[in-house]
**Q** 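Dropping the structure in here first, questions after.
Residue numbers start from 1 in every chain, and the chains themselves are labelled A, B, ... in the order their sequence lines are given, proteins ahead of strands.
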2 protein chains.
Amino acid sequence: MDARTPSALKPRKRPRQARARVTVDAIFEATIQLLLKDGPHRLTTTRVAERAGVSVGTMYQYFPNKQALVYALNERYLEVLAEKIESTCRAQHGAPIGQMVEALVDTYWRAKTERADVTRALYRSVAEMDNQTLVDDFAARVNAATTAMLASASDTTLDDLEATNLTLVTVIFGTVRNAFERTLPAAQAEALRGQLVTMCRAYLDAVTA
Amino acid sequence: MDARTPSALKPRKRPRQARARVTVDAIFEATIQLLLKDGPHRLTTTRVAERAGVSVGTMYQYFPNKQALVYALNERYLEVLAEKIESTCRAQHGAPIGQMVEALVDTYWRAKTERADVTRALYRSVAEMDNQTLVDDFAARVNAATTAMLASASDTTLDDLEATNLTLVTVIFGTVRNAFERTLPAAQAEALRGQLVTMCRAYLDAVTA
DNA sequence: GTAATATATGAAGGATTGCTCAGGTTCAGG
DNA sequence: CCTGAACCTGAGCAATCCTTCATATATTAC
């Protein structure tokens, strides 16, 4: 758990026994399902506990309040996502730059598509409860990884690494998100993903020449 | 008011006298301010009325419930935004395609930047209350306008107008939104806007050649 | 086996919220 | 000036909702 986590949102205690770990997982899963079904403003501690098959009191043994629950959920999700991105960046170290962005788009797109409904549910929950800290931390972490990757490109050195990196990351992440909110038919979504890669490559050609 | 507005969200009645119009405006403004200050999940009918300087009952004379209030607010905002975009598209009819996207980015970016705080507040409120209908309508409207514009380009005809249009719109809108959530320093934001234009132009060169 | 610890329960308290309604005030038209 | 329509008031009801705590069970360590 991040040291930067606001104290009011820090988990009360970690599960030590196996059954407790099962319980906490069930609580997380129940939260996702409810977020999905009813949206964030109908997310209730009672309902979460009910669906998780535990009592409210149990939930409060691990999370000091409702917000902390959603916070922890997003933290968990972003942690996994950040790791995937970092892994891709490491794998592409020293590759040609065009291949890099393609890999980045692929990784991010796939991560979001794997459980599209969960993605949507969490996007909404981040907005409702305010988890800006989480988002900022995530952004910083991703930024470091992609910057390092781009700097190692075998076929070019970028004039303004910072600016190009910021542009690529913002465009890719923003586009993916927007694509999700439109709930496009699969074929169109797939086409869009291809076009996004084309676009990024064209951009890199332009700022490289 | 759109005919597609779900009946549970339709305004109860329109203000007929001048003082009533003032009241409704005050209610809208109060909603924005509270959304800004405390986020959507602390938006309360009592608080809205209080800050607007009217009583709760007054609010309920024009809106059947809280959700309808937020809905109407976003409807108003998106209406203005859609008009700006349509206006730009008309103005660029028959222009070179590169100039078109530049104008589109400019218009959208400026519209969002003019009152950046309001933009952020509304982004969040759309997510919390579910106003998907509004977003979909907006998307369809913008789509029609930009498609018509792109089709009239003086210097090229696009192979796949639909796909290119979808790509451009999704990328531009998504990027702008993401840029806002990161609360970038003004200089970086400005640079990003420029890079976005470069990117779109490079993309158009690529799919046109 | 037993003490210490971890985990689970759920009724109930306290606070808040969305919304109504019976009764007032202001305005516009005649 | 008068009357009906438009507009406004705000105490209070009903419905939740978040959270606690006294109590009970399961697990681990010895």
Side-chain angles (χ1 to χ4, degrees), chain A residues 6-31 34-35 37-73 125 128-131, chain B residues 6-31 34-35 37-73 125 128-131:
Chain A
S7 64
L9 297 178
K10 261 200 283 257
R12 278 212 163 118
K13 68 176 180 188
R14 293 154 163 280
R16 298 187 181 282
Q17 301 175 4
R19 60 177 169 154
R21 249 163 283 142
V22 171
T23 298
V24 171
D25 276 349
I27 291 174
F28 277 139
E29 188 56 35
T31 307
L34 284 179
L35 237 28
K37 203 166 69 80
D38 303 325
H41 72 288
R42 254 175 248 158
L43 188 76
T44 287
T45 50
T46 330
R47 271 197 273 267
V48 168
E50 195 179 14
R51 180 167 275 242
V54 300
S55 82
V56 229
T58 299
M59 208 209 79
Y60 276 91
Q61 223 157 14
Y62 301 99
F63 306 98
N65 51 54
K66 198 179 82 171
Q67 228 200 331
L69 170 64
V70 179
Y71 189 96
L73 184 64
S125 77
E128 173 137 2
M129 326 311 231
D130 43 8
N131 302 5
Chain B
S7 63
L9 298 178
K10 260 198 284 243
R12 279 213 162 115
K13 68 175 178 188
R14 293 154 163 279
R16 299 188 182 282
Q17 301 176 4
R19 60 178 169 153
R21 248 164 283 141
V22 171
T23 298
V24 172
D25 276 348
I27 291 174
F28 276 140
E29 188 56 34
T31 308
L34 284 179
L35 236 29
K37 201 165 70 80
D38 302 324
H41 71 289
R42 257 174 244 157
L43 189 75
T44 288
T45 49
T46 330
R47 272 197 273 267
V48 168
E50 194 179 15
R51 180 165 273 240
V54 299
S55 82
V56 228
T58 298
M59 208 209 79
Y60 277 91
Q61 232 164 4
Y62 300 100
F63 306 99
N65 52 53
K66 198 178 84 170
Q67 229 200 334
L69 169 64
V70 178
Y71 189 95
L73 183 64
S125 75
E128 173 135 6
M129 326 310 232
D130 43 9
N131 302 5

**Q** For B/D25, enumerate each residue passing the salt bridge (charged side-chain N to carboxylate O under 4.0 Å, His left out) test, keeping only those at least two apart in sequence or located in another chain.
**A**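 Applying salt bridge (charged side-chain N to carboxylate O under 4.0 Å, His left out) to B/D25 gives B/R76.
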**Q** Please assess B/K37 against B/R51 for the test side chain to side chain contact (heavy atoms under 4.5 Å, CB included), listing each intermediate value before the final yes or no.
**A** CA-CA 12 Å; B/K37 201 165 70 80; B/R51 180 165 273 240; 3.6 Å; yes
**Q** What is the separation between atom CE on B/M59 and atom P on C/dT17, rounded to the nearest whole Å?
**A**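 Value for this atom pair: 14 Å.
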**Q** Going by the rule side chain to side chain contact (heavy atoms under 4.5 Å, CB included), which residues pair with B/Q61 if we only count those two or more places apart in sequence or in a different chain?
**A**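 If we apply the side chain to side chain contact (heavy atoms under 4.5 Å, CB included) test to B/Q61, skipping adjacent residues, the hits are B/K13.
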**Q** Restricting to salt bridge (charged side-chain N to carboxylate O under 4.0 Å, His left out), what partner residues turn up for B/E50, sequence neighbours left out?
**A**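 If we apply the salt bridge (charged side-chain N to carboxylate O under 4.0 Å, His left out) test to B/E50, skipping adjacent residues, there are no hits.
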**Q** Can you find a side chain N or O atom of B/Y60 that sits less than 4.0 Å from OP1 or OP2 on C/dT20?
**A**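 B/Y60 to C/dT20 OP1/OP2: no side-chain N or O under 4.0 Å.
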**Q** Which is the 5'-most and which the 3'-most nucleotide of DNA chain D that has an atom under 4.0 Å from a heavy atom of chain B?
**A**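 Answer, 5' to 3': D/dA6 to D/dG10.
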**Q** Just jot down the side chain to side chain contact (heavy atoms under 4.5 Å, CB included) partners of B/P40, sequence neighbours excluded, or say none.
**A**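 By the side chain to side chain contact (heavy atoms under 4.5 Å, CB included) rule, B/P40 matches B/L35, B/R124, B/E128.
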**Q** Excluding sequence neighbours, so at least two apart, what forms side chain to side chain contact (heavy atoms under 4.5 Å, CB included) with B/T23?
**A**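 Listed in chain order: B/I27, B/V54, B/T58.
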**Q** Checking A/T44 now: which residues fulfil side-chain hydrogen bond (donor to acceptor under 3.5 Å, both in side chains) with it, not counting sequence neighbours?
**A**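 Partners of A/T44 under the side-chain hydrogen bond (donor to acceptor under 3.5 Å, both in side chains) test: A/R47.
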**Q** So, is B/T45 close to the C/dC19 phosphate, meaning a side-chain N or O under 4.0 Å from OP1 or OP2?
**A**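 Checking C/dC19 against B/T45, no side-chain N or O comes under 4.0 Å of OP1 or OP2.
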**Q** Does A/L69 reach a base, just sugar-phosphate, or nothing at all? Heavy atoms under 4.0 Å.
**A**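 No contact.
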**Q** What residues form a side-chain hydrogen bond (donor to acceptor under 3.5 Å, both in side chains) with A/S125, not counting sequence neighbours?
**A**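 By the side-chain hydrogen bond (donor to acceptor under 3.5 Å, both in side chains) rule, A/S125 matches A/N74.
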**Q** Treat primed atoms plus P, OP1 and OP2 as sugar-phosphate and everything else as base, then score nucleotides 1-7 of chain C 5' to 3': B for base contact with protein heavy atoms under 4.0 Å, S for sugar-phosphate contact only, - for none.
**A** -----BB
**Q** What residues from residues 46-56 of chain A pass a heavy-atom cutoff of under 4.0 Å to DNA chain D?
**A**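 A/R47, A/V56, in order of number.
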**Q** Please name all residues satisfying side-chain hydrogen bond (donor to acceptor under 3.5 Å, both in side chains) with A/R16, sequence neighbours left out, ordered by chain then number.
**A**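 A/R16: no side-chain hydrogen bond (donor to acceptor under 3.5 Å, both in side chains) contacts found.
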**Q** Which residues pass the side-chain hydrogen bond (donor to acceptor under 3.5 Å, both in side chains) test with A/R19, not counting sequence neighbours?
**A**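 A/R19: side-chain hydrogen bond (donor to acceptor under 3.5 Å, both in side chains) contacts with A/Q17.
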